[in-house]
There are 2 protein chains.
Amino acid sequence: MPLPTDRLATRGIPDATVARLPVYHRVLSALQEDGVTTVSSEELALACGVTSAKLRKDLSHLGSYGTRGVGYDVEFLSYQIARELGITQPWGVVLVGVGNLGRALVSYRGFASRGFRIVGLIDAHPDVVGAQVAIGDENHHVRAMADLREVVRMGNASIAVIATPADAAQEVCDRLVEAGMTSILNFAPVVLSVPEGVEVRKVDLAVELQILAFHEQRRSETLPEVMNA
Amino acid sequence: MPLPTDRLATRGIPDATVARLPVYHRVLSALQEDGVTTVSSEELALACGVTSAKLRKDLSHLGSYGTRGVGYDVEFLSYQIARELGITQPWGVVLVGVGNLGRALVSYRGFASRGFRIVGLIDAHPDVVGAQVAIGDENHHVRAMADLREVVRMGNASIAVIATPADAAQEVCDRLVEAGMTSILNFAPVVLSVPEGVEVRKVDLAVELQILAFHEQRRSETLPEVMNA
DNA sequence: TAGATTGTTAATCGATTAACAATC
DNA sequence: TAGATTGTTAATCGATTAACAATC
């Protein structure tokens with residue numbers, strides 16, 4: 001039997017494409033707010049910082065949502081991407097670690113506007129447990145690790161964010177997995193080990209700076225050489 | 001003339017490798033603190049969350065720093081990676097936008113330990129300008145946008161971090177470029193446009209959550225189907 | 001010498017790109 | 001119909017992987 005080439009097999013959207021869909025979605029939302037109704041791949045690509053060929057290729061994995069000779073309907077395409085990403089319904093998020101970073105994340109308005117709702121705050125430190133924290137216009141109070149299961153259940157959370165110090169992260173991660181979490185975003189600078197079926201994504205603030213520093217170093221090494229030549 | 005295959009041409013390290021070097025470096029630092037002196041590619045790869053083949057391939061771009069039959073000297077390899085990344089000397093960083101996220105970044109200890117020193121804080125808001133903020137054991141005060149050039153010069157900064165709201169980011173970015181910055185880390189959810197020769201990297205907290213949500217959606221769609229079959 | 005582990009090779013895989021036929 | 005722009009094709013490029021000869 002040859003490889004399946006039917007439409008359903010196409011559901012496997014390349015990782016590189018998935019990583020760009022949120023960017024397209026945000027730019028489309030912004031265009032929609034500005035009252036723009038139609039956009040060409042050329043215009044949209046420019047605003048998203050990609051080439052139009054890449055954009056069209058990416059969108060082709062979702063379906064044929066454009067009109068030749070015209071472009072894309074902003075509202076329609078925005079909805080189709082949101083549907084593909086699964087953010088037409090808000091996702092409940094539990095945040096573990098209510099320190100500086102945790103509080104910054106709580107007050108970050110970009111979450112709510114992109115389909116996420118923080119439904120619980122957890123911290124291991126007795127001084128922090130019980131503290132009132134404003135999430136949007138609601139007041140939440142910080143719960144203890146022991147309350148994790150209940151917080152997850154009550155808030156119907158399916159995504160967790162770890163914003164603890166590095167040395168606590170693996171322990172917290174284990175508890176989250178026990179409590180049934182299968183999607184974890186990790187801000188602690190450690191590689192977490194999780195069982196099959198659980199996905200961890202890592203955001204490392206220092207790594208990004210290090211990559212910048214590397215390229216900066218290369219620029220300052222090679223540019224003067226060119227000038228000497 | 002054929003393509004150059006000498007050692008100097010090898011200086012072009014693949015982007016994918018560069019992005020992993022900081023991870024290797026951090027894990028090596030941790031091993032060093034634990035008193036581990038030698039490590040095999042198999043062990044190191046496990047701790048870094050990659051395969052040993054990928055690790056060895058990555059390291060091969062830097063040079064031959066291992067010993068066949070033995071492994072890698074932790075301290076030596078750590079130093080070689082640090083040198084390659086350009087973090088044997090600390091880099092001066094200017095932070096623009098001292099709101100919730102900005103303050104969280106200031107108090108993030110991972111920067112100092114990975115070769116970065118915040119040498120200046122800038123904010124556009126008059127209420128914030130002049131405020132005292134502790135960076136490590138020094139007290140800095142927040143300066144106005146107008147002082148940018150001076151802050152950059154005094155601190156010898158070559159990397160800037162934008163932690164402002166989205167609508168201010170492009171304006172701030174333009175000012176940074178004017179002031180001579182060529183490396184910018186952007187936390188604002190907008191695509192910044194910069195002239196040739198300036199590099200912007202973007203960290204988007206919501207994008208990572210959206211990718212998690214997408215995969216989570218796929219898991220909850222496909223797993224039940226398997227169970228029904 | 002025998003066992004272990006690197007550094008490199010070559011095959012495979014996935015992502016990007018440019019060009020253009022299809023079609024509004 | 002003529003002009004514009006999509007969706008797709010095929011070529012190219014870069015990254016990953018597995019296997020193993022080199023060598024400690």
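Letters A, B, ... mirror the listed sequences (proteins, then strands); counts begin at 1.
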Trainee: Please walk me through it: do E216(B) and S158(A) pass side-chain hydrogen bond (donor to acceptor under 3.5 Å, both in side chains)?
Mentor: CA-CA 8 Å; E216(B) 177 70 35; S158(A) 36; 5.4 Å; no

Trainee: Please, which pairs that meet side chain to side chain donor-acceptor pair (under 3.5 Å) have at least one residue in residues 103-116 of chain A, sequence neighbours excluded?
Mentor: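 Output for this query lists S107(A)-N100(B).
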
Trainee: Measure CZ/F76(A) against P/dT6(D) and give the value in whole Å, please.
Mentor: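 In whole Å, dT6(D) P lies 15 Å from F76(A) CZ.
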
Trainee: Within a reach of under 6.0 Å around CD of E75(B), are more than 12 heavy atoms found that belong to other residues, nucleotides or ligands?
Mentor: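 Open: at most 12 neighbouring heavy atoms sit under 6.0 Å from CD of E75(B).
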
Trainee: To the nearest Å, give me how far apart CG (L77(B)) and C1' (dT6(C)) are.
Mentor: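 After rounding, the gap between these two atoms is 12 Å.
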
Trainee: Does the side chain of Y65(B) get closer than 4.0 angstrom to OP1 or OP2 of dT5(C) through an N or O atom?
Mentor: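 No, Y65(B) has no side-chain N/O under 4.0 Å of OP1/OP2 on dT5(C).
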
Trainee: How close or far is atom P of dT6(D) from atom CG of D73(A), stated in whole angstroms?
Mentor: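 Answer to the nearest Å: 13 Å.
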
Trainee: Report the distance from atom CH2 of W91(A) to atom CG of L212(B), rounding to the nearest 0.5 Å.
Mentor: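 Rounded to the nearest 0.5 Å, the CH2-CG separation comes to 9.5 Å.
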
Trainee: Round to a whole Å and report the spacing from OH of Y72(A) to P of dA4(D).
Mentor: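 About 18 Å, once rounded to whole Å.
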
Trainee: Could you tell me if the side chain of L176(B) sits less than 4.5 Å from the side chain of I162(B), heavy atoms only?
Mentor: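 Side-chain contact under 4.5 Å: yes.
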
Trainee: Tell me if a side-chain donor or acceptor on E208(B) pairs with a main-chain N or O of N186(A) at a distance below 3.5 Å.
Mentor: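 Checking the backbone N and O of N186(A) against the side chain of E208(B), no donor-acceptor pair under 3.5 Å is found.
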
Trainee: Does K54(A) offer a backbone N or O that forms a donor-acceptor pair with the side chain of R20(A) under 3.5 Å?
Mentor: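 A pair under 3.5 Å: no.
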
Trainee: Take nucleotides 15-24 of chain C nucleotide by nucleotide from the 5' end and write B, S or -, depending on whether a protein heavy atom sits under 4.0 Å from the base, only from the sugar-phosphate, or from neither.
Mentor: SSBBB--BBB

Trainee: When rounded to the nearest 0.5 angstrom, what is the spacing between CG in L77(B) and OG in S41(B)?
Mentor: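 L77(B) CG to S41(B) OG: 11.0 Å, rounded to 0.5 Å.
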
Trainee: Only Watson-Crick and G-U wobble pairs with both distances less than 3.5 Å should count. Give DNA chain C in dot-bracket notation, marking inter-strand partners with |.
Mentor: ..||||||||||||||||||||||

Trainee: Using atom CD of E42(A) as one end and atom P of dA4(D) as the other, report the distance to the nearest whole Å.
Mentor: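 Taking atom P of dA4(D) as the reference, CD of E42(A) is at 13 Å.
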
